[in-house]
Asker: 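Okay, handing you the structure first.
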Amino acid sequence: MEQRIGFIGLGNMGSAILQGILASQTVTAEQFYVYDINPEATDALKQQYSINVLETAKDVAKESDIVFIAVKPNNMSEILTEIQKELKKSTVVVSIAAGITIKAIEAVIGYDQKIVRVMPNTPALVNSAMCSITPNTEVSAEELLTVRALLNCVGLTEVLPEYQVHSATGVGGSAPAFVFMFIEALADGAVKGGMSRKQAYKFAAQTVLGSAKLMLDTGKHPGELKDMVCSPGGTTIDGVQVLEEKAFRAAVIDAVEACINRSKMLSGEK
Ligand SMILES: NC(=O)C1=CN([C@@H]2O[C@H](COP(=O)(O)OP(=O)(O)OC[C@H]3O[C@@H](n4cnc5c(N)ncnc54)[C@H](OP(=O)(O)O)[C@@H]3O)[C@@H](O)[C@H]2O)C=CC1
Ligand SMILES: O=C(O)[C@@H]1CCC=N1
């Protein structure tokens with residue numbers, strides 16, 4: 001890939017995507033042009049990779065063929081206003097901000113600008129992200145392929161209509177936080193039973209990883225896979241009963257729904 005890739009904002013998510021792409025070796029470090037208002041965010045990356053750290057967001061916009069904007073949603077408007085005049089017509093602007101619609105971005109940088117809205121997640125750092133991708137009508141099939149190829153370097157991608165991005169935020173963008181809470185809780189249970197904290201985290205994390213892989217690789221329904229674990233009169237079914245009594249699944253559904261509602265609120269739909 002020969003494009004110059006820009007990043008404005010290199011916090012948790014921006015740096016995870018950038019480092020994930022670098023690890024895939026599809027793009028060289030020299031092809032990256034980056035800026036973050038916080039020098040600490042770029043200092044660490046600069047020490048590790050020979051990326052181009054620029055002085056302003058405008059400079060990044062000027063240099064890039066594809067520019068990722070990875071600042072918090074409430075910083076989006078100021079950044080878009082700042083870079084708007086520097087964008088070439090051919091530049092593809094990729095926004096990963098939760099709750100910021102393509103329409104809202106177009107309203108600032110122009111309806112003829114190429115925009116791709118992405119909802120990624122932090123497993124991008126280890127090449128295991130799940131990203132939704134939504135282009136506006138200015139983006140050609142070839143440009144969409146290029147952005148998708150970049151994101152495929154950091155995990156799996158699905159092209160979605162924009163109304164589904166709220167759900168992608170709940171089940172993708174935000175969900176790693178819920179999974180980490182689950183892993184932490186699993187480990188706490190094992191520690192309660194006498195296992196060392198270190199071993200408990202290893203067991204819990206590998207069990208979540210392995211279970212997810214089992215489902216993805218076999219294509220089996222999660223209910224069927226759950227049933228395969230529950231031996232009649234065995235240990236697991238007792239645990240399943242406790243989770244049902246404590247409304248585990250209802251709590252998870254409500255958590256995802258809360259993310260969806262917040263995403264709708266941020267985008268002015270609610
Ligand atoms: N974290 C996640 O798991 C996910 C995040 N997202 C989206 O990604 C975006 C970034 O989130 P996240 O990485 O968590 O946030 P962070 O706060 O970790 O990163 C944002 C970075 O942008 C910097 N920044 C703020 N203002 C500017 C500016 N004017 N110019 C350049 N850089 C600036 C921040 O600096 P400072 O800290 O000094 O303000 C910070 O380093 C958000 O819009 C979020 O919705 C999407 C999916 C998942
Ligand atoms: O919490 C947030 O708003 C961001 C978007 C999805 C994950 N983190």
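Atom set for the values below is all heavy atoms of this structure, side chains included, hydrogens, waters and symmetry mates excluded. Just so you know, these numbers come straight off a predicted model, no measurement behind them. Remember, it's 1-based here, ligands and their atoms both numbered in the order they're listed.
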Asker: Can you list the ligand 1 atoms lying under 4.0 Å from a non-hydrogen atom of Met119?
Answerer: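 Listed by number with element: 46 (C), 47 (C).
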Asker: Under a 4.0 Å threshold between the charged nitrogen and the carboxylate oxygen, would Asp65 count as salt-bridged to Lys114?
Answerer: no
Asker: Asn38 heavy atoms, cut-off 4.0 Å: which ligand 1 atoms fall inside?
Answerer: 35 (O), 38 (O)
Asker: Can you tell me the protein heavy atom closest to atom 3 (O) of ligand 2 and the distance?
Answerer: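 Its nearest protein heavy-atom neighbour is Ala98 CB, 4.2 Å.
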Asker: Check whether any N or O atom of Ile37, backbone or side chain, sits under 3.5 Å from an N or O atom of ligand 1, and answer yes or no.
Answerer: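 Right, the criterion is met.
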Asker: Would you mind listing which atoms of ligand 1 come within a distance below 4.0 Å of any non-hydrogen atom of Ala98?
Answerer: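 Heavy-atom distances to Ala98 below 4.0 Å select 43 (O), 45 (O).
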Asker: Any side-chain donor paired with an acceptor under 3.5 Å for Ser140 and Glu143?
Answerer: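 Side-chain D/A pair, Ser140 to Glu143: present.
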Asker: Salt bridge between Arg249 and Glu244, side-chain N to carboxylate O under 4.0 Å?
Answerer: yes
Asker: Cluster question for you: counting only ILVMFWY and a side-chain heavy-atom cut-off of under 4.5 Å, with indirect links fine, are Leu18 and Met13 together?
Answerer: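 Result: yes, single cluster for both.
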Asker: Could you list the atoms of ligand 1 found under 4.0 angstrom from a heavy atom of Pro73?
Answerer: 42 (C), 43 (O), 45 (O)
Asker: What residue and atom, counting heavy atoms only, is the protein's closest point to atom 21 (C) of ligand 1, and at what distance?
Answerer: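 Checking every protein heavy atom, the shortest distance to atom 21 (C) of ligand 1 gives Asp36 OD2, 3.4 Å.
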Asker: Regarding Gln241 and Asp238, is there a side-chain donor-to-acceptor distance under 3.5 Å anywhere?
Answerer: no
Asker: Taking 4.0 angstrom as the limit and counting only heavy atoms of Ile79, give me the atoms of ligand 1 inside it, by number and element.
Answerer: 28 (C), 29 (N), 30 (N)
Asker: How close does the nearest protein non-hydrogen atom get to atom 1 (O) of ligand 2, and which residue and atom is it?
Answerer: Ser174 OG, 4.6 Å
Asker: If the cut-off is 4.0 Å to any non-hydrogen atom of Thr122, which atoms of ligand 1 fall inside it?
Answerer: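 In order of number, 3 (O).
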Asker: Please report whether ligand 1 has a polar contact with Tyr35, defined as an N or O pair separated by less than 3.5 Å (distance criterion only).
Answerer: no
Asker: Can you find a side-chain donor-acceptor pair between Gln31 and Thr28 that sits under 3.5 Å?
Answerer: yes
Asker: For residues Phe7 and Ile69, determine if any side-chain heavy atom of one lies less than 4.5 Å from a side-chain heavy atom of the other.
Answerer: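 No, too far: nothing below the 4.5 Å cut-off.
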Asker: Check if Ala70 has a non-hydrogen atom at a distance under 4.0 Å from any atom of ligand 1.
Answerer: yes
Asker: Name the closest protein heavy atom to atom 37 (O) of ligand 1, giving the residue it belongs to and the distance to 0.1 Å.
Answerer: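 Of every protein heavy atom, Lys72 NZ, 4.0 Å lies nearest to atom 37 (O) of ligand 1.
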Asker: When you measure from atom 13 (O) of ligand 1 to every protein heavy atom, which one gives the shortest distance, and what is it?
Answerer: Met13 N, 2.8 Å
Asker: Any N/O of Asn121 closer than 3.5 Å to an N/O of ligand 1?
Answerer: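 There is no such contact.
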Asker: Under 3.5 Å, is there a donor on one side chain and an acceptor on the other for Glu30 and Asn52?
Answerer: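 No, because no side-chain N or O of Glu30 sits under 3.5 Å from a partner of the opposite role on Asn52.
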Asker: Going by distance only, is there an N or O of Pro120 that falls short of 3.5 Å from an N or O of ligand 1?
Answerer: no
Asker: Under 3.5 Å, is there a donor-acceptor pair between the Thr157 and Asn152 side chains?
Answerer: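 A pair is found: one side chain offers a donor N or O, the other an acceptor, under 3.5 Å apart.
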Asker: Does one hydrophobic cluster hold both Leu45 and Ile21, with members joined at side-chain heavy-atom distances below 4.5 Å?
Answerer: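 Linked, Leu45 and Ile21 end up in one cluster.
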Asker: I need the contact type for Glu78 against ligand 1. Using non-hydrogen atoms and a strict under-4.0 Å cut-off, is it side chain, backbone, both or neither?
Answerer: side chain
Asker: Take Asp188 and Arg197 through the salt bridge (Lys or Arg N to Asp or Glu O under 4.0 Å) test and state the conclusion after the steps.
Answerer: CA-CA 8 Å; Asp188 282 348; Arg197 173 74 45 194; 2.8 Å; yes
Asker: What protein heavy atom sits nearest atom 8 (N) of ligand 2, and how far off is it?
Answerer: Gly173 O, 4.4 Å
Asker: State the atoms of ligand 1, each with its element, that fall below the 4.0 Å cut-off from a heavy-atom position in Ala97.
Answerer: 43 (O), 45 (O)
Asker: Of Ile96, Val71, Asn12, which has the heavy atom at the shortest distance from atom 7 (C) of ligand 1?
Answerer: Ile96
Asker: Where do Arg117 and Glu162 land on the salt bridge (Lys or Arg N to Asp or Glu O under 4.0 Å) test, with the steps shown first?
Answerer: CA-CA 8 Å; Arg117 185 173 171 196; Glu162 194 170 23; 2.8 Å; yes
Asker: Please work out, at 4.0 Å between heavy atoms, whether the side chain, the backbone, both, or neither of Asn75 comes within that distance of ligand 1.
Answerer: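 Side chain only; the backbone of Asn75 stays clear of ligand 1.
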